[in-house]
*Asks:* 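First the structure, which I've put down as structure tokens, then a few questions once you've had a look.
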Amino acid sequence: MTGNGSHAYADSVHVFLESAACSTFLDAALRVYESLRPGFPYPCFGVLVGRMHGDSARIERVEFGRNVRATDGAALGEFSKSIIPCFGTAYENPHRGYWCDSADLLRILRDAELDGLDILGSIHLHPDWHNIDSPGGGGSRGGSRLSEHPTRMDTYVFANTGWPVNLICYLERRNRSMYHSWGAWTPRTGDPSNPHCDALPVRLALPAHARVHRTRTAVRSMEDP
């Protein structure tokens, strides 16, 4: 599921998400999701590592770093001077927002380079916060309705990092089952004071066991008289 709806796709990059990278992030996102409760919007953020081939971005793995949003001096200054005045007092909550530790980001970069890979962008979780903050989905307590589309804050972050690929995974609980959708976004170059982003087409690889099953089925079909 791409979840990009009716948005026109940017024609610069197509995103291919390998199943191992997808599973790595979903496992982490589900653990974070189960810990969420009103007033504690814990983030789940990862760094996308992979390869660029022409207009194709292949995401091979997702790496994680420590969140220093509430302790790093640069992060505190950015939230205080820019983010809170622009996006509201909700971002005074130290549990809202993410700032990857610079030492961890450097480690991720160096590990990627050893494998001939690059940092291609970011991935983060959007939960069905309107159901968590207001059970039943009525939004009576001010729950925000998120999706796989970026918020104004997301657009600001994408523009400031400048990474070409930014994935958003939306998780929603329905009838005791969990569902997910994906959106891929790239910052649009232009006026930095008025950032925008464009949707990218995203393809999810089949899990390895499904690919093996399909191959074996195809072979048996060819062998049948």
Side-chain angles (χ1 to χ4, degrees), residues 1-5 15-50 57-70 90-91 93-101 104-105 108 111 119-139 141-151 153-154 157-158 163 165-185 200 202-211 213:
M1 297 173 63
T2 65
N4 286 315
V15 181
F16 296 87
L17 181 60
E18 292 297 321
S19 58
C22 180
S23 296
T24 295
F25 184 78
L26 283 175
D27 288 346
L30 285 168
R31 290 194 297 270
V32 170
Y33 182 95
E34 295 301 334
S35 70
L36 297 174
R37 59 189 189 275
F40 293 86
Y42 300 119
C44 184
F45 174 92
V47 177
L48 303 176
V49 174
R58 181 186 175 195
I59 309 303
E60 299 191 18
R61 63 188 192 228
V62 173
E63 302 286 354
F64 300 99
R66 291 166 292 181
N67 183 10
V68 294
R69 175 258 178 272
Y91 286 94
N93 186 336
H95 303 296
R96 185 182 297 273
Y98 198 93
W99 191 283
C100 186
D101 182 81
D104 286 342
L105 192 58
I108 293 169
D111 288 347
I119 290 179
L120 299 184
S122 68
I123 181 171
H124 73 277
L125 167 67
H126 275 186
D128 57 339
W129 191 249
H130 56 284
N131 290 326
I132 298 168
D133 195 41
S134 180
R141 290 192 290 176
S144 300
R145 286 187 174 272
L146 299 175
S147 70
E148 64 277 3
H149 295 263
T151 64
M153 171 63 172
D154 292 332
V157 172
F158 297 165
W163 282 331
V165 178
N166 299 277
L167 290 174
I168 297 174
C169 176
Y170 175 66
L171 287 180
E172 182 173 328
R173 176 175 277 130
R174 289 286 183 103
N175 301 321
R176 300 182 180 179
S177 295
M178 293 297 300
Y179 299 88
H180 62 93
S181 57
W182 299 81
W185 309 90
L200 301 175
V202 56
R203 309 286 186 259
L204 306 183
L206 288 173
H209 67 83
R211 283 178 276 184
H213 173 74

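For the numbers below, each heavy atom of this structure counts, side chains included, while hydrogens, waters and symmetry mates do not. Because the structure is predicted, anything quoted here is derived from the model rather than measured.
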*Asks:* Taking side-chain hydrogen bond (donor to acceptor under 3.5 Å, both in side chains) as the definition, give me every residue that meets it alongside Glu172, ordered by chain and number, with sequence neighbours left out.
*Replies:*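 Tyr170, Arg174.
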*Asks:* Do the side chain of Asn93 and the main chain of Gly39 share a donor and acceptor less than 3.5 angstrom apart?
*Replies:*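 Side chain of Asn93 to backbone of Gly39: a pair is present.
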*Asks:* Looking at Gly65 and Cys100, what are the two nearest heavy atoms and their distance?
*Replies:*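 Nearest heavy atoms, Gly65 then Cys100: CA-SG, 4.0 Å.
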*Asks:* Just to verify, what does Ser147 make a side-chain hydrogen bond (donor to acceptor under 3.5 Å, both in side chains) with, not counting sequence neighbours?
*Replies:*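 Not a single residue meets the side-chain hydrogen bond (donor to acceptor under 3.5 Å, both in side chains) criterion with Ser147.
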*Asks:* With rounding to the nearest 0.5 angstrom, report the OG1 to CG distance, Thr151 to Asp154.
*Replies:*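 Result: 3.0 Å between the selected atoms.
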*Asks:* Under the rule for side-chain contact (heavy atoms from CB on, under 4.5 Å), what residues qualify as partners of Val157, not counting sequence neighbours?
*Replies:*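 Checked Val157 against side-chain contact (heavy atoms from CB on, under 4.5 Å); matches are Met153, Thr161.
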*Asks:* Suppose the criterion is salt bridge (charged side-chain N to carboxylate O under 4.0 Å, His left out): which pairs have a residue in residues 24-48, not counting sequence neighbours?
*Replies:*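 As it turns out, the salt bridge (charged side-chain N to carboxylate O under 4.0 Å, His left out) pairs with a partner in residues 24-48, which skip direct neighbours, are Glu34-Arg173.
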*Asks:* Going by salt bridge (charged side-chain N to carboxylate O under 4.0 Å, His left out), name the residues that satisfy it together with Arg69, two or more places apart in sequence or in a different chain.
*Replies:*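 Testing Arg69 for salt bridge (charged side-chain N to carboxylate O under 4.0 Å, His left out), a comparison that skips the adjacent residues, returns none.
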*Asks:* Quick one: does any side-chain atom of Ser35 pair with a main-chain N or O of Val32 as donor and acceptor, under 3.5 Å?
*Replies:*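 Looks like yes, one N/O pair under 3.5 Å.
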*Asks:* Just to verify, what does Cys22 make a side-chain contact (heavy atoms from CB on, under 4.5 Å) with, not counting sequence neighbours?
*Replies:*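 Residues passing side-chain contact (heavy atoms from CB on, under 4.5 Å) with Cys22: Leu17, Leu26, Trp182.
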*Asks:* Give the minimum heavy-atom separation between Pro150 and Phe158, together with the two atoms involved.
*Replies:*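 That closest heavy-atom pairing would be CB-CE1, 4.0 Å.
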*Asks:* Kindly compute the distance separating CD (Glu60) from CG (Leu48), expressed to the nearest 0.5 Å.
*Replies:*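 Output value for this atom pair is 11.5 Å.
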*Asks:* Please name the pair of heavy atoms, one in Ser122 and one in Asn166, separated by the smallest distance, quoted to 0.1 Å.
*Replies:*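 Smallest interatomic distance, heavy atoms only, reads OG-OD1, 2.7 Å.
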*Asks:* Could you tell me which residues satisfy ring-ring contact (aromatic ring centres under 6.0 Å, His included) with Tyr98, sequence neighbours excluded, listed by chain and number?
*Replies:*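 Per chain and number, Tyr98 pairs via ring-ring contact (aromatic ring centres under 6.0 Å, His included) with Phe45.
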*Asks:* Which residues pass the salt bridge (charged side-chain N to carboxylate O under 4.0 Å, His left out) test with Asp101, not counting sequence neighbours?
*Replies:*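 Asp101: salt bridge (charged side-chain N to carboxylate O under 4.0 Å, His left out) contacts with Arg66.
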*Asks:* Would a 4.5 Å heavy-atom cut-off, applied to side chains only, mark Ile119 and Leu105 as touching?
*Replies:*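 They are in contact (side-chain heavy atoms under 4.5 Å apart), so the answer is yes.
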*Asks:* Once you round to the nearest 0.5 Å, how far does CG of Asp128 lie from CG of Leu36?
*Replies:*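 Answer for the CG-CG pair, Asp128 versus Leu36, is 9.0 Å.
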*Asks:* What are the two closest heavy atoms between Ala21 and Ile59, and how far apart are they?
*Replies:*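 Nearest heavy atoms, Ala21 then Ile59: CB-O, 4.0 Å.
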*Asks:* Would you give the length of the straight line joining atom NE2 of His149 to atom NE2 of His126, rounded to the nearest 0.5 angstrom?
*Replies:*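 That separation rounds to 11.0 Å.
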*Asks:* Mind checking what makes side-chain hydrogen bond (donor to acceptor under 3.5 Å, both in side chains) contact with Asn67, not counting sequence neighbours?
*Replies:*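 Scan of Asn67 (side-chain hydrogen bond (donor to acceptor under 3.5 Å, both in side chains), adjacent residues dropped) gives none.
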*Asks:* Of all heavy-atom pairs between Ser181 and Glu148, which one has the smallest distance, and what is that distance?
*Replies:*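 Minimum heavy-atom contact is OG-OE1, 2.8 Å.
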*Asks:* Measure the CD1-CG distance between Ile168 and Leu146 for me, rounded to the nearest 0.5 Å.
*Replies:*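 That separation rounds to 9.0 Å.
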*Asks:* Over all heavy atoms of both residues, which pair between Phe25 and Gly46 is shortest? Give the atoms and the distance, please.
*Replies:*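 Between these two residues, the closest heavy atoms are CE1-N, 4.3 Å.
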*Asks:* Mind checking side-chain contact (heavy atoms from CB on, under 4.5 Å) for Leu30 and listing every partner two or more places apart, or none if nothing turns up?
*Replies:*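 Leu30 satisfies side-chain contact (heavy atoms from CB on, under 4.5 Å) with Leu171, Met178 once adjacent residues are dropped.
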*Asks:* Residues in side-chain hydrogen bond (donor to acceptor under 3.5 Å, both in side chains) with Tyr91, at least two apart?
*Replies:*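 None.
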*Asks:* In terms of relative ring orientation, are Phe40 and His95 parallel, tilted or perpendicular, with 30° and 60° separating the classes?
*Replies:*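 Tilted.
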